[in-house]
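So you know, we letter chains A, B, ... as the sequences are listed, proteins then strands, and number each from 1.
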4 protein chains.
Amino acid sequence: MNIKEQRRAEIIKAAMKVFGKHGFHKAKIEEIAKVAGIGKGTVYEYFSSKNELFEQMVEYIVITYFDMAKEAMGQHKTARGKLLAFAEHHGSFIAHHINMAENILPSSNFLSEEIKSRILEMKKSIVSLIDSTLEEGVKTKELKTDLNIKVATLSILGAINQNYTIEIFLQKIDPKDIDPTPIIDTIFNGLVNK
Amino acid sequence: MNIKEQRRAEIIKAAMKVFGKHGFHKAKIEEIAKVAGIGKGTVYEYFSSKNELFEQMVEYIVITYFDMAKEAMGQHKTARGKLLAFAEHHGSFIAHHINMAENILPSSNFLSEEIKSRILEMKKSIVSLIDSTLEEGVKTKELKTDLNIKVATLSILGAINQNYTIEIFLQKIDPKDIDPTPIIDTIFNGLVNK
Amino acid sequence: MNIKEQRRAEIIKAAMKVFGKHGFHKAKIEEIAKVAGIGKGTVYEYFSSKNELFEQMVEYIVITYFDMAKEAMGQHKTARGKLLAFAEHHGSFIAHHINMAENILPSSNFLSEEIKSRILEMKKSIVSLIDSTLEEGVKTKELKTDLNIKVATLSILGAINQNYTIEIFLQKIDPKDIDPTPIIDTIFNGLVNK
Amino acid sequence: MNIKEQRRAEIIKAAMKVFGKHGFHKAKIEEIAKVAGIGKGTVYEYFSSKNELFEQMVEYIVITYFDMAKEAMGQHKTARGKLLAFAEHHGSFIAHHINMAENILPSSNFLSEEIKSRILEMKKSIVSLIDSTLEEGVKTKELKTDLNIKVATLSILGAINQNYTIEIFLQKIDPKDIDPTPIIDTIFNGLVNK
DNA sequence: CATGAATGAGTCTTCATTCAT
DNA sequence: TATGAATGAAGACTCATTCAT
């Protein structure tokens with residue numbers, strides 16, 4: 001049992017490397033097996049098809065992303081603090097999954113409806129996480145009382161993602177060296193001259 | 001000449017439909033030809049390979065996106081007006097290219113370095129467009145004088161994209177029915193309680 | 001009429017270059033047309049198919065070879081003289097048709113039975129040419145009276161071909177610089193120590 | 001290991017049949033596989049491409065030819081004896097590889113430079129074999145002391161090949177029924193009336 | 001007559017998946 | 001249980017040939 005799950009995990013790790021490097025179609029089961037240090041046929045003992053392996057891998061990534069985000073944010077009290085933590089988490093995550101972001105998520109064609117909806121749930125959970133952070137901030141008067149929370153949440157998510165993506169992919173900056181403060185502050189304080 | 005360019009354009013249109021529906025690998029040249037109403041071999045009279053056709057198509061999309069954005073923004077004076085126009089343009093564009101966004105851009109693996117760099121130039125042009133809009137806004141005192149323009153630009157782009165994406169893809173809302181005002185205003189006015 | 005035959009001849013000349021360079025299958029009708037300075041479709045006005053063009057070309061070459069051999073040998077009286085002339089002709093011919101020899105004749109798969117038999121007739125004519133040269137030599141006492149003419153003919157043909165082929169193809173020697181005398185003399189005088 | 005080499009050999013045997021029958025281009029991998037009693041894909045487990053299979057086959061033939069020639073000649077002492085043995089070997093070989101000779105060697109266009117040079121080495125080895133046979137004959141006074149060995153070698157090779165080719169291909173005579181004595185004697189004794 | 005744009009039959013090659021060992 | 005040899009479906013691409021202009 002334990003050994004089986006461990007083997008499964010190893011294959012998923014190998015799949016992350018190989019799908020990440022080549023994208024879904026150019027990734028070969030044989031290479032994944034080799035990276036995992038096992039035989040080609042063995043992969044099929046744990047996953048019924050290339051598609052299923054891909055799906056399981058995507059689910060693993062999404063769950064991991066969510067759990068880490070939740071943990072990082074839990075260590076802060078203010079909305080600003082939580083969002084700064086989330087931004088840092090997001091940056092470090094996409095940096096470690098550059099190729100995923102570029103090569104995998106696009107392959108969403110190959111995801112089954114079932115797994116798509118599970119991923120969607122996860123995405124909604126992320127949104128809820130930010131949503132409730134903002135709601136909390138409104139209650140504590142840290143944030144405007146008339147805030148359009150839905151729009152604000154999506155704007156924050158988009159802004160964080162866009163800023164980190166550019167810095168990491170184009171400017172090749174290490175996510176640890178990116179300061180999330182200007183991003184959050186720009187959003188928090190707005191642009192207009194008052 | 002004219003007829004040749006027209007045929008080329010027809011093939012690219014067909015390619016947009018088919019690559020959009022299936023992504024790069026599952027798209028078949030034969031289907032593209034059928035959609036274009038021509039024979040399989042004819043595609044190869046105009047494009048030397050599936051890859052080249054894909055690249056030409058991506059370039060066409062990117063150029064179109066940029067030109068339309070520029071035109072839409074040109075009809076406004078204030079930063080706020082320009083950004084609202086840009087948001088609407090972006091929304092309508094991704095709505096018409098849903099599958100592109102989902103299935104094509106990810107296939108970036110298959111783009112040659114040359115076309116990748118051309119696309120990158122276009123993306124930078126988009127950023128410059130917003131950048132100068134914000135600079136202008138600072139000069140006219142519409143915006144804060146101490147604005148971190150780079151961060152603000154990326155935040156706006158990310159916020160617009162995220163909001164429209166969610167509305168269009170998940171809520172299945174027609175982009176014409178999405179009001180960009182709350183998005184721009186949320187960014188412009190900030191979140192904090194002052 | 002005259003213009004038609006001339007055009008036909010031009011196409012055959014072009015075919016010799018292109019088939020010679022690439023062999024039957026890799027030769028493209030389009031390249032032959034380009035070399036002939038005409039349009040692709042025009043080739044089909046003169047030859048009904050790639051195969052027919054190939055056949056006509058082979059026949060042309062074979063006839064030319066035979067006519068030239070006959071003419072060269074006619075200017076000599078002794079068997080030795082005739083054979084030296086033939087050797088020189090053969091050498092100059094294969095030098096000018098290197099690629100033919102290497103790439104074309106092998107493609108004999110594609111020759112129709114009809115043309116194959118016509119070519120065979122030509123080959124037999126060459127053999128007859130040498131045969132009668134030797135017979136004549138026997139009559140005039142230039143050659144042994146108990147000569148096995150058939151074997152001698154084929155041996156001479158084989159020896160000349162082999163010597164010239166090696167010199168021209170491997171040693172890259174110009175056929176004009178090859179002296180046929182040692183070849184003919186070696187055959188004429190024999191190898192054994194008497 | 002053994003099983004793998006055996007399978008490899010089976011495929012080469014099948015390739016000899018099919019390439020021999022159709023020539024390089026008209027031969028289909030699928031037919032080779034069928035003749036070998038395996039699936040199409042399996043061919044690619046052993047040879048990376050049609051070209052490589054063709055090359056390996058050609059090399060196999062050439063090596064076999066050389067080894068057999070060497071062995072046949074080794075069982076004789078005099079130059080005459082060795083050459084008679086060589087002639088018989090050559091005749092039996094080309095008889096068993098009629099189609100090869102006609103359809104394959106011409107396809108030399110498709111051979112890589114590497115394999116071409118390996119084949120060239122083999123051809124040179126054959127020439128050396130005859131060369132040293134003649135040299136030995138000169139030393140033992142079996143042959144003329146002033147013999148032009150290079151020319152004599154090529155003449156013998158050419159004469160043998162031409163005589164056997166005509167008998168086997170045109171007269172459809174079984175190589176076993178061809179007596180090499182007249183060929184060798186004609187060359188050995190010369191043509192001139194002394 | 002000459003042309004070349006259009007065509008689609010034909011084939012190599014890849015790789016997910018199976019299954020005998 | 002683990003393996004990797006064997007398989008064949010699937011698809012990009014070529015090019016001889018046709019035919020409207």
Is any side-chain N or O of A:Arg7 closer than 4.0 Å to OP1 or OP2 of F:dT1? no
D:Ile32 CD1 - E:dC12 C1' separation (whole Å): 12 Å
Looking at B:Glu10 and B:Arg7, is there a salt bridge between them, counting it only when a charged N and a carboxylate O are closer than 4.0 Å? yes
Is D:Lys28 touching bases, backbone alone, or none of the nucleic acid, heavy atoms closer than 4.0 Å? sugar-phosphate
Comparing B:Ala27 and C:Ala27 on DNA chain F - which has the more 5′ nearest nucleotide: B:Ala27
Identify all stems in which DNA chain E takes part, counting only runs of at least 3 consecutive pairs (Watson-Crick or G-U wobble, each distance under 3.5 Å), and give each as one range with another, ordered by first number. E:2-21 with F:2-21
Pick the nucleotide of DNA chain E nearest each of D:Ile29 and B:Thr42; which residue has the one closer to the 5' end? B:Thr42
Are A:Glu121 and A:Phe66 side-chain neighbours, meaning at least one heavy-atom pair lies under 4.5 Å? no
Hey, does C:Ala33 reach any base, or is it just sugar-phosphate, or nothing, if we go heavy atoms under 4.0 Å? nothing
B:Ile3 atom CD1 is separated from E:dG4 atom P, nearest whole Å, by 16 Å
Considering every strand and a 4.0 Å limit on heavy-atom distances, what is the contact class for D:Lys50: base, sugar-phosphate, or nothing? sugar-phosphate
Can you tell me how far C1' of E:dT13 sits from CG of D:Asn51, to the nearest Å? 13 Å
OH of A:Tyr46 versus C1' of F:dT1: gap in Å, rounded? 8 Å
With the threshold set at 4.0 Å, does a side-chain nitrogen-carboxylate oxygen contact exist between A:Lys21 and A:Glu31? yes
Using atom CD of B:Gln6 as one end and atom C1' of E:dA5 as the other, report the distance to the nearest whole Å. 15 Å
Tell me the interatomic distance from C:Glu30, atom CD, to E:dG4, atom C1', rounded to whole angstroms. 8 Å
Of all heavy-atom pairs linking B:Tyr46 and B:Glu52, the shortest is O-OE2, 4.4 Å
From NE2 of A:His25 across to C1' of E:dT14 the rounded distance in Å is 12 Å
Of C:Tyr44 and D:Lys40, whose closest DNA chain F nucleotide lies nearer the 5' terminus? D:Lys40
With DNA chain E as reference, determine whether B:Gly37 or D:Ser49 sits nearer its 5' end, using the nearest nucleotide of each. B:Gly37
Under a 3.5 Å distance rule, please check whether C:Thr42 uses its side chain to pair with a backbone N or O of C:Ile38 as donor and acceptor. no
Work out which heavy atom in B:Tyr44 is nearest to a heavy atom in B:Ser49; give both atom names and the distance. CE2-CA, 4.0 Å
A:Glu31 has an atom CD; how far is it from atom C1' of F:dG4, in whole Å? 17 Å
Give a yes or no on whether the backbone of D:Phe24 and the side-chain of D:Lys50 come within a donor-acceptor separation of less than 3.5 Å. yes
